[in-house]
There are 2 protein chains.
Amino acid sequence: MSPMHARDDQHLAVLLQQFSQATDRYIEFTGAQFGTHRTDMNALAIIVNFERSGTLPSAKDLSAELHLSAPATTAMLDRLARFDLIERERSTLDRRVVLIRPTTDARTMGKRMFGPLAKKMMEVSQNYSAQELELLARFLSEAIVGVDEAREEFVASSPRN
Amino acid sequence: MSPMHARDDQHLAVLLQQFSQATDRYIEFTGAQFGTHRTDMNALAIIVNFERSGTLPSAKDLSAELHLSAPATTAMLDRLARFDLIERERSTLDRRVVLIRPTTDARTMGKRMFGPLAKKMMEVSQNYSAQELELLARFLSEAIVGVDEAREEFVASSPRN
DNA sequence: TTGAGATAGTTCGACGATGGAAGTATTTTC
DNA sequence: GAAAATACTTCCATCGTCGAACTATCTCAA
C-alpha cells in the first residue's frame, strides 16, 4: 500500500466522522424548531419507515431499535402523543402489545424536517453516474456492517466493570 | 433521469441515514463501557483533533463546535476533568480564556474507543482502488457541505416561534 | 382448569445533562 | 478611568433516562 493510499484511508475515516456529526447537527437544529428532542425525531423516522413497509411498530420494537429502556420509551411516546404525532393502539392479537400509528401531522412534519436534507442529497447524487452511485452504495453498506461489527467486538472484548 | 437512477439516489439517502445511526450507536455503546456520555466523547474527539493540529481549544471553542451553552460546557469539562481526561489552563495572552489540554489517559482512551472503528473502516477501504477512494472522498465532502447547507436553509426559512 | 411464571407497557422516584439568569474576573472601548 | 463587552463558573429549574415496582395479559405445566 502506497503512502498516498494510506492517507486516503485516513482522510476517508475523518470525512465519515464529519458526515456523521453533520447529520447529528441537522437533527438537533431542525428538532429545536419544533421543540422536540433528537430521540423523538429518530423515533419518528423509525415509525414512518415501519409504516412504509406496511406494518406498525410496537413500543417494544421502538425500545429495541432506539436502545431505550421501557420507561424512557413510554416517556418518548408520551411526548410524540402530546404533539399529536402518534396514536397508541392495543393489538387485537395480544392485548399486552401497544402498536404505534403515525398521524397525518407526523407525515407532514417528517416531510418538513427531512425533505430539505433529502433534496440536498439528491442534488449531490446527481453529480455521479449510475456506476459511481452503485460503488458508493456498496461502500456505505460495507461501512455500516463494519461499524456494527466494531461495536459488537468492542463490547465483547470489554466486559462491563 | 432513469427510474433505476432515481432509486439509486433514494437508496443512497437511506444508507447515509443508516450509517449515521450506526456511528451513533457505536459512540453510545463504547461510551457506556467507560461510564461516559455521548457529549463527553464527542468533545474528547474534538479536543484531540485540536491537539493534532498543534493548538489547544478554549471552552468557548468547544461550546461553539458542540452547540452547547456555556454552563453545559463547564459541566461537560468538569466531567472530563473528573475522569482525568483533561486539564484546564489559563491562557497567558488573555486571562479570561481557559485552554483545554488532553491528558495521556485521554489519548489512551481515545485509541481504545475509536481504534477498533478506525481499523474496521481501513479494512473496508482496502477493498477499493485509489481512484475509487478519491471518488468516495469527493462524494462525502460534498455530502457534508450539503447537510450543513440544508440545515442553514431550514433554520433561515423557519423563524423560531 | 387453575395457578405460576413470563411478557409488555406504565408509573414512581431518583439521577444527571442542559440552559437561563446571575455572578466573578478580565479585557476592550470611549 | 469608567462603562461596556467578553469568558467562564455557579445557581437553580427543567426534562430525558433508568431501576424498581406495579398492572394487565399471555403461556405453560401440573
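Scope of the values below: all heavy atoms of this structure, side chains included, with no hydrogens, waters or symmetry mates. A, B, ... follow the sequence lines: proteins, then strands. Residue 1 opens every chain.
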Of the listed nucleotides dT26(C), dC8(D), dG9(C), the one nearest the side chain of S58(B): dC8(D)
Nearest-nucleotide pick for A70(A), side chain only, options being dT10(C), dG19(C), dA8(C): dT10(C)
With a non-hydrogen cut-off below 4.0 angstrom, is [X] in contact with a base, only sugar-phosphate, or nothing?
X      : answer
A59(B) : sugar-phosphate
L68(B) : sugar-phosphate
R38(A) : nothing
T39(A) : sugar-phosphate
S63(A) : nothing

Determine: side-chain N/O of [X] to OP1/OP2 of [N], distance under 4.0 Å, yes or no.
X      : N       : result
R79(B) : dA17(C) : yes
R90(A) : dT25(D) : no
R96(A) : dT23(D) : no

Aromatic ring pairing F34(B)/F154(A), orientation class (parallel under 30°, perpendicular over 60°, tilted between): tilted
For atom CZ of R95(B) and atom P of dA7(D), their distance in whole Å: 16 Å
Shared hydrophobic cluster for I86(B) and V48(B) (ILVMFWY, side-chain gaps under 4.5 Å): no
T39(A) and N42(A): side chain donor to acceptor below 3.5 Å: no
